[in-house]
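Side chains included, hydrogens not; waters and symmetry mates left out as well; all remaining heavy atoms used. Residue numbers start from 1 in every chain, and the chains themselves are labelled A, B, ... in the order their sequence lines are given, proteins ahead of strands.
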2 protein chains.
Amino acid sequence: MAAIVDRSYTRFMGRTSDAREKILSAARSLIELRGYSALGVAEICKTAGVPKGSFYYFFESKESLALAVIDEHWAGQKRTWTRILNSDEEPLRRLFRLFEETEAAQRAGQQSCGTVSGCLFGNLTLEMSNQTEAIRTRLQEIFDAQVEMVEAVIAEALERKEVTATDTRQAAQALVAQLEGQVLFAKLYNNTHRLNLLWVNCLALLGARAPHEAVAGA
Amino acid sequence: MAAIVDRSYTRFMGRTSDAREKILSAARSLIELRGYSALGVAEICKTAGVPKGSFYYFFESKESLALAVIDEHWAGQKRTWTRILNSDEEPLRRLFRLFEETEAAQRAGQQSCGTVSGCLFGNLTLEMSNQTEAIRTRLQEIFDAQVEMVEAVIAEALERKEVTATDTRQAAQALVAQLEGQVLFAKLYNNTHRLNLLWVNCLALLGARAPHEAVAGA
C-alpha cells in the first residue's frame, strides 16, 4: 500500500526530493521573515509552489518541519565554523575570521531581503524554546556545539599564553553570548556595523591582545 | 456621541480602567509565554475575563496593544534601572547591582511560571522588529535609553580610573549585548545560573578590577 502511495505520489510531484527541498527552503525564508508562529502550512506550500496535500507526505507536523529547517541550517553553518575554527591559522585569528564571516553573512542577508534577519537559532530560541521541548533540545545541542568549538580554540590560545582567561568554558559562553547579543542589535537597528565590535569585545573577554596579523586584516 | 458611547460602555464594563489593565496584563503574560504572533484578540479577552467587544474600545489594533505592553514594561524597568544606576554607590557596584537584579527578576519569573521567560524586549526584537516599524522604533528607543544609562555609569568609573575602556558608548553597547545574550541562554537552558557570568564578563569588557565591596557582596 505504501509503495502504491509512493509511486502515485512520485508521478504526481515529479521528483519528490525537489518538493521536500522546496518546502524546506520556503519555510526557512518565511521563518527568517516572520518567525515560526505566524507561519501556516498552506502559505509554506504556496510559497514553495507545491500542492498543499504534499506537506504531510514529507513532514509529520509544522514542528518536524521546523526541526528539519534548523538541522539543515546548522549543517551548513557547522561546515563554515569547522572550516574557520579548525584551520591552520593562529587561534585568535580564527576567532577574528569567525566574526568577520558572521558579519559578512548578515550583510549578505540584508542585501538580499532588505533587512538584517539575525541568527535563525537565536530567533527561534526567543520565540519557541518555551513552547516546544523538541525545538528547545535541538537548539541547546547546537549552542552546546558552538560553545565547544569556540572553547577548543580558546584552549589553544591559552596554551600559547595569548589569553589570560583561564576558565575556557565560561569564556566561550561569553563569546557566543556576545555574538548573539550583537546580532540581536544588528537586527533591531537593521545595521551590521555593530558586529565590528565583536572582535574588540572578544579580546577584552579573553584578556588578550590583538595578534599583529589579525589587526592588520581588520 | 463619544460621550454617549463612553457612558454606555462604562455601564457595560464597570470601571473601564480595570478592563484595560486586565487586557494589558493578560497580553503581557501571553506574550511572555508564547510570543506576539501566536496571540489572538479573542484569547487575550478570554484570559483577561473581559468581553471580546471591549478590546477595540481600548486598543486600535493588536499592534497598539503590543506597544502599550512594551511601554508599561519599560516604565517599570526604567524605574528599577534608574534607582540602581543613579544611586550613591560606587559606579561599578551599581553595575553589579543591575546584573544581580536582572538575575533575581528572571529567577522570580521562573518560579512563578516554571520557565525563564527572558527579556520581553529581546524576545520582541527577534520576533517582531522586522515586521512592524512601530515596534522596531519603540524597541530601539528603549535599548538606546538602556545604553545611555549604562554609559553614564561607565563614564563615572572612567573618571575615577576604575576602568580602562575609553570608548564608553561601545563599552555600554557591549554590556547590554552581553546581558541580552546571556538572558537568551538563561531562557534556552531554563537556568538562571548563566547570569552569574554577567559580572565577571562586565569587568573584562570594561578592563576593570572588581571593587572590593562588590566582590564581597557577590
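- Note that CG of Leu197(A) is 11.5 Å distant from CZ of Arg169(B), once rounded to the nearest 0.5 Å.
- Taking CG of Leu175(B) as the start and CG of Asn201(A) as the end, the distance is 9.0 Å to the nearest 0.5 Å.
- Between the OH atom of Tyr189(B) and the OG atom of Ser129(A) there is a distance of 10.5 Å, given to the nearest 0.5 Å.
- Of the listed residues Glu180(A), Arg194(A), Glu127(A), the one with more heavy-atom pairs under 4.5 angstrom with chain B than any other is Arg194(A).
- Lys187(A) places a side-chain N or O within donor-acceptor distance of the main-chain N or O of Leu126(B), the cut-off being under 3.5 Å.
- Screening residues 31-56 of chain A for salt bridge (charged side-chain N to carboxylate O under 4.0 Å, His left out) gives Arg28(A)-Glu32(A), Arg34(A)-Glu43(A) as the qualifying pairs, with residues at least two apart or on separate chains.
- With a 4.5 Å cut-off on non-hydrogen atoms, Asp167(B) does not touch chain A at all.
- The stretch residues 136-158 of chain A places Arg136(A), Leu139(A), Gln140(A), Phe143(A), Asp144(A) near chain B, each with some heavy atom under 4.5 Å from a heavy atom of that chain.
- For Leu33(A), the part lying under 4.5 angstrom from a heavy atom of chain B is the backbone only.
- The line from CD of Gln182(A) to CD of Gln178(B) is 9.5 Å long, rounded to the nearest 0.5 Å.
- Atom CG of Leu184(A) and atom OG1 of Thr125(B) lie 5.0 Å apart (nearest 0.5 Å).
- With a 4.5 angstrom heavy-atom cutoff, Val116(B) touches chain A only via backbone atoms.
- The candidate with the highest count of non-hydrogen atom pairs below 4.5 Å against chain B, out of Gly35(A), Ala38(A), Ala174(A), is Ala174(A).
- Chain A forms the most heavy-atom pairs under 4.5 Å with one residue out of Leu188(B), Asn123(B), Thr115(B), and that residue is Leu188(B).
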